[in-house]
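Quick note: numbers below take in every heavy atom, side chains included, and nothing from hydrogens, waters or symmetry partners. Numbered from 1 within each chain, the chains take letters A, B, ... in sequence-line order.
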Amino acid sequence: MDGLNHEEKLRLTVHSEVRKMCREVGGQIKMELDKDAVSVIAELVWRKMCVISQDLEHFAKHAKRSTINAEDVKLLARRNPSLRAIVCRMADDAVKKKRQNKEKATEDLS
Amino acid sequence: MDIEGYDISKLTSKFKIEALREILKVHFVDSKTRITEDTLQLVAEVVRVLTTEATLRAGRQAHIEGMTEVRVSHVEKILPQLVSDDVMPCNPVDHQVCCGGNCCLYLQDAGFHMTND
């Protein structure tokens with residue numbers, strides 16, 4: 001991997017993660033993806049990550065924060081009700097879990 | 001598993017969180033911008049859904065054409081709908097009925113908005 005700059009290495013990582021996921025989904029739906037098809041999907045994911053990154057940063061900045069949080073990700077998903085529902089559900093579950101862990105920790109102490 | 005009834009909870013692959021952090025960092029404009037691990041998990045899920053959706057739609061296109069191997073041409077055909085912003089939201093009733101709410105094939109409402117490069 002010498003001679004590859006940081007961005008190129010990250011692109012390769014995305015490609016390998018996407019390939020792994022496409023293979024698993026492909027296996028589950030009994031279809032194979034040829035390597036060029038996987039490359040196109042990986043490129044799509046890479047570009048989407050670039051846009052996501054900039055959007056999230058802007059949303060946080062707009063809210064006068066420097067740390068991106070769940071509200072920013074929910075905003076990202078605003079145009080797709082199903083995706084937004086997934087993000088909201090996952091964020092709520094994480095909050096619930098944290099609260100439960102905190103309660104348990106306080107119980108253990110007392 | 002069927003494409004139409006695909007259940008994403010059966011998908012074990014997940015994006016590496018630290019790799020995701022690095023990738024997002026590269027595109028931040030402000031060096032002070034941070035993202036927590038919990039938030040990264042959410043972003044990872046968004047990316048996971050995108051990848052799965054692209055694969056399922058391309059797979060469905062290949063299936064429609066009577067093939068079992070997904071090619072670039074199939075991916076190309078489904079890209080516009082996948083990234084389009086001008087979509088009608090999926091009717092929640094139909095969505096529930098057709099896939100028990102777990103399906104990731106949001107047929108009518110992709111809306112993965114992309115800027116034009």
Salt bridge (charged side-chain N to carboxylate O under 4.0 Å, His left out) contacts touching residues 67-84 of chain B (sequence neighbours left out): A:Asp34-B:Arg71, B:Glu65-B:Lys77, B:Glu69-B:Arg71
Segment of A:Ala77 engaging chain B (4.5 angstrom heavy-atom cut-off): neither
Side chain, backbone, both or neither of A:His58 within contact of chain B (heavy atoms, under 4.5 Å): neither
Closest-packed option against chain A by number of heavy-atom pairs under 4.5 Å, given B:Leu11, B:Thr36, B:Asp30, B:Val26: B:Leu11
Partner chain A: residue of B:Lys16, B:Lys25, B:Lys14 with the largest heavy-atom pair count (under 4.5 Å): B:Lys16
Reported CG-to-OG1 distance for the pair B:Leu56 and B:Thr51, which is rounded to 0.5 angstrom: 10.5 Å
Residue selection (most heavy-atom pairs with chain A, distance under 4.5 Å) from B:Val75, B:Val43, B:Asp2, B:Leu40: B:Val75
Heavy-atom pair count under 4.5 Å with chain B, highest-scoring of A:Ala60, A:Ser39, A:Ala37: A:Ala37
Top of A:Glu57, A:Glu32, A:Glu17, A:Met31 for chain B proximity - count of heavy-atom pairs under 4.5 angstrom: A:Glu57
Spacing of CG belonging to B:Leu50 relative to OG1 belonging to B:Thr55, to within rounding of 0.5 Å: 9.0 Å
Between CZ on residue A:Arg84 and CZ on residue A:Arg78, distance to nearest 0.5 Å: 9.5 Å
Structural part of A:Lys61 lying under 4.5 Å from a heavy atom of chain B: side chain
Salt-bridge criterion met for A:Glu107 and A:Lys104 (N-O under 4.0 Å): no
Non-hydrogen side-chain atoms of B:Leu42 and A:Leu76 separated by less than 4.5 Å: no
Approximate separation, where rounding is to 0.5 Å, of A:Lys74 NZ and A:Ile86 CD1: 14.0 Å
Pairs where residues 91-100 of chain A contributes a residue and the test salt bridge (charged side-chain N to carboxylate O under 4.0 Å, His left out) is met, not counting sequence neighbours: A:Lys98-B:Asp38
Contact origin within B:Leu20 toward chain A - heavy atom pairs under 4.5 Å: side chain
Among A:Lys48, A:Met49, A:Glu43, side-chain contact (heavy atoms from CB on, under 4.5 Å) partner for A:Val14: A:Met49
Heavy-atom pairs under 4.5 Å with chain B, option from A:Arg23, A:Met21, A:Lys30 with the top count: A:Met21
Contacting moiety of B:Ser73, where chain A heavy atoms sit under 4.5 Å: neither
Interatomic spacing from CD1 in B:Ile8 to CE in B:Met1 - rounded to 0.5 Å: 10.0 Å
Contacting region of B:Lys10 [heavy-atom separation from chain A under 4.5 Å]: both
Max heavy-atom pair count under 4.5 Å with chain B, selected residue of A:Cys50, A:Ala42, A:Ala94: A:Cys50
Under 4.5 Å from any heavy atom of chain B - which part of A:Val25: both
Side chain / backbone / both / neither for B:Val29 at chain A, heavy atoms under 4.5 Å: both
